[in-house]
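Everything on this sheet refers to the single structure shown next.
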Amino acid sequence: MAVLKCENVTMSYEGVSVFENLNFEINSGDYLCIVGENGSGKSTLMKGLLGLRRPARGRIIYGDGLMQNQIGYLPQQSAVQRDFPASVYEVVLSGTLNSRGMRPFYSKKEKQLANRNMERLSITHLKKRCYRELSGGQQQRVLLARALCATKSLLLLDEPVTGLDPVVSGELYALISDINKSDNITVIMVSHDITESVKNASHILHIESKRCFFGSIQEYLTSSVSNVFIGE
Amino acid sequence: MGYSISEILSYTFMQRAIIVGVPVALCAALLGVSLILKRYSMIGDGLSHVGFGALALAAAMNLAPLKVAIPIVVLSSFLLLRISDSSKIRGDGAVAILSSSALAVGIVVTSVTGGLNTDLYSYLFGSILALKQDDVVLSLVLCAVVLFIYIFFYNKIFSVTFDENFSQATGIRAKNYNMIIALLTSLTVVLGMQIMGTLLISSLIIFPGLTAMRVFKSYKSVVISAAIQSVFCVVSGLIISFYAETATGATVVCINLVCFVIFWLFGFIKERN
């Protein structure tokens, strides 16, 4: 059974449909990159997958026992966060909230989970630092640690490397691949960077208003869609 | 001059002012931090104007002021939240429309029914002399409710304030927590209006948080600092206004301003080093 399935999904933005009749499904452990030009609807689709926005037509189905509170999400940074007074630890710890129900305070187990994820992303030394004073790469690691605290099975990332230099981007991609492989967490990533996507992902979803492509990396590389886009 | 602190505290109206002022200041500061960060600063201001309109109505109909004002202000806060979330009308425009209309309705109602009386005047500029025994009891109960709910949901309020989309996407009902913040804010605004007045209550909400953010860098330290400083400003404002015979609400705001400048300077120097 697929973890996530889109059936004839049409998403619209202020009444205008961005893309139509999208069909795809991903299974546990897959690594899907969603690529496409600016304005093709990648972020809109992401919002749909997260349940933040309803599709105009069609259905987005969570399968395999996936619940909303088992999803980890790395959003694009918002303006609010750039002047928000919060320590790294506070941000990472807030990722554990979704599995907690009504209980008001953090338990020891949740604090351990937060510490473990900070360790994993090598940001333990930043624990007490103020989030807004960190570099872009460090901030992304903090948000990724928070997403890891929130997820048990599915991680969605919205353009995680935007604004980062190539070295830092490379490190982040390596981390995401590792999370996908060693923790068997399904990854869905929206990306601009087609070359990196092809290197890391197991599947590609290429969105265009006229036609969308979905398939494995091998299928994608031999398709006509990729040739135009990569320019080979 | 010539009064000792214990003499001041022997006056019933000062006791009432402090009993109401301290918990209201605490609530205002705690909620203020979230409101500032969510860019909802002006909601407090808008709601206080709605509160004024509601009080004018209550006075015209001879009803108990707080019991009329609280439900009306709570409802308007939900309305404001709804409008802020929809992209059709910008949030700040909506607040401006609602607050000036409510103020206007309030003034029209009072002029029809016999001009500004002392009660309304005291709600406009705040007056600790107008606090009655019933108001004190109701205020204490509501403040206790606000504090309890805030502490109970503290971590979720943090998460929703920091990143609403993340919270929503990972299965936290962010919209509900926005409603809780709006509800608590309306209660605090109505209670605070008694001391601070319609025109100055929003400063009680905004100042402590903004001041704390000059110096402190983690959410918890900002919240704690704002709470302590807010209580300090209200208590010292009450005492100073007694000695100096100045308007209480305005005195509290002036002390808040002084605190803000001190914290800002301190933060500025700290950053340069």
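Please read these numbers as outputs of a predicted model, since none were measured by experiment. Here is the naming used below: chain letters follow the sequence lines, and residue numbers restart at 1 for every chain. For the numbers below, each heavy atom of this structure counts, side chains included, while hydrogens, waters and symmetry mates do not.
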**Study point:** Proximity breakdown for A/A86 and chain B, heavy-atom pairs closer than 4.5 Å
**Key:** both
Exercise for review: Can you label the angle between the A/Y131 ring and the B/F162 ring as parallel, tilted or perpendicular, going by 30° and 60°?
Suggested key: perpendicular
Study note, to complete from the structure: Given B/V33, B/I36, B/N155, the one with more heavy-atom pairs under 4.5 angstrom with chain A than any other is B/N155
Point to revise | Spacing of B/I157 atom CD1 and A/S94 atom OG [to the nearest 0.5 Å] | key: 13.5 Å
Exercise for review: Evaluate the criterion side chain to side chain contact (heavy atoms under 4.5 Å, CB included) for residue pair A/S87 and B/Y219; output intermediate values, then yes/no.
Suggested key: CA-CA 7 Å; A/S87 69; B/Y219 188 75; over 6 Å; no
Check your understanding: In terms of heavy-atom contacts, does CZ of B/F78 have more than 12 from other residues, nucleotides or ligands at under 6.0 Å?
Key -> yes
Check your understanding: Quick one: does A/E90's side chain have a donor or acceptor within less than 3.5 Å of a partner on B/S218's backbone?
Key -> no
Exercise for review: Check each atom of A/L143 against the heavy atoms of chain B and say whether the ones under 4.5 Å are side chain, backbone, both or neither.
Suggested key: side chain
Exercise for review: Could you tell me which non-hydrogen atom of A/F84 sits nearest to which non-hydrogen atom of B/F158, and how far apart they are?
Suggested key: CE2-CE1, 3.8 Å
Practice item. Please look at A/V88 and chain B and tell me whether the side chain, the backbone, both or neither of the residue comes under 4.5 angstrom of a heavy atom of that chain. Key: neither
**Study point:** Any donor-acceptor pair under 3.5 Å from B/N165 side chain to A/P75 backbone
**Key:** no
Check your understanding: Of all heavy-atom pairs between B/M213 and A/P85, which one has the smallest distance, and what is that distance?
Key -> CG-CG, 3.9 Å
Review point. Contact part of B/F153 toward chain A, heavy-atom cut-off under 4.5 Å: side chain, backbone, both or neither?
Key: side chain
Practice item. Apply the test side chain to side chain contact (heavy atoms under 4.5 Å, CB included) to residues B/K217 and A/R132: give CA-CA distance (whole Å), side-chain angles for both, the deciding distance (0.1 Å), then the verdict. Key: CA-CA 9 Å; B/K217 305 286 183 190; A/R132 66 176 170 203; 3.7 Å; yes
**Study point:** Backbone of B/G171 reached by a side-chain donor or acceptor of A/N98 within 3.5 Å
**Key:** no
Exercise for review: Can you tell me which residue pairs pass the side chain to side chain donor-acceptor pair (under 3.5 Å) test with a partner in residues 145-157 of chain A, sequence neighbours excluded?
Suggested key: A/R146-B/D163
Practice item. Taking all non-hydrogen atoms of both residues into account, name the closest pair between A/G72 and B/T170 and its distance. Key: CA-CG2, 4.4 Å
Check your understanding: So, for A/L50 and B/A169, which heavy atoms are closest and what is the spacing to 0.1 Å?
Key -> CD2-CB, 3.5 Å
Exercise for review: Check side chain to side chain contact (heavy atoms under 4.5 Å, CB included) between A/S107 and all other residues, then give those that pass, not counting sequence neighbours.
Suggested key: A/R103, A/K109, A/E110
Point to revise | Close approach to chain A in residues 141-152 of chain B, criterion heavy atom under 4.5 Å | key: B/I151, B/F152
Point to revise | Proximal to chain A - members of residues 197-212 of chain B, heavy-atom separation under 4.5 Å | key: none
Revision key, fill the gap. Checked A/E133, A/K47, A/Q70 vs chain B; the most non-hydrogen pairs under 4.5 Å come from A/E133
Revision key, fill the gap. Rounded to the nearest 0.5 angstrom, the SG-CZ distance for A/C130 and B/F216 is 12.5 Å
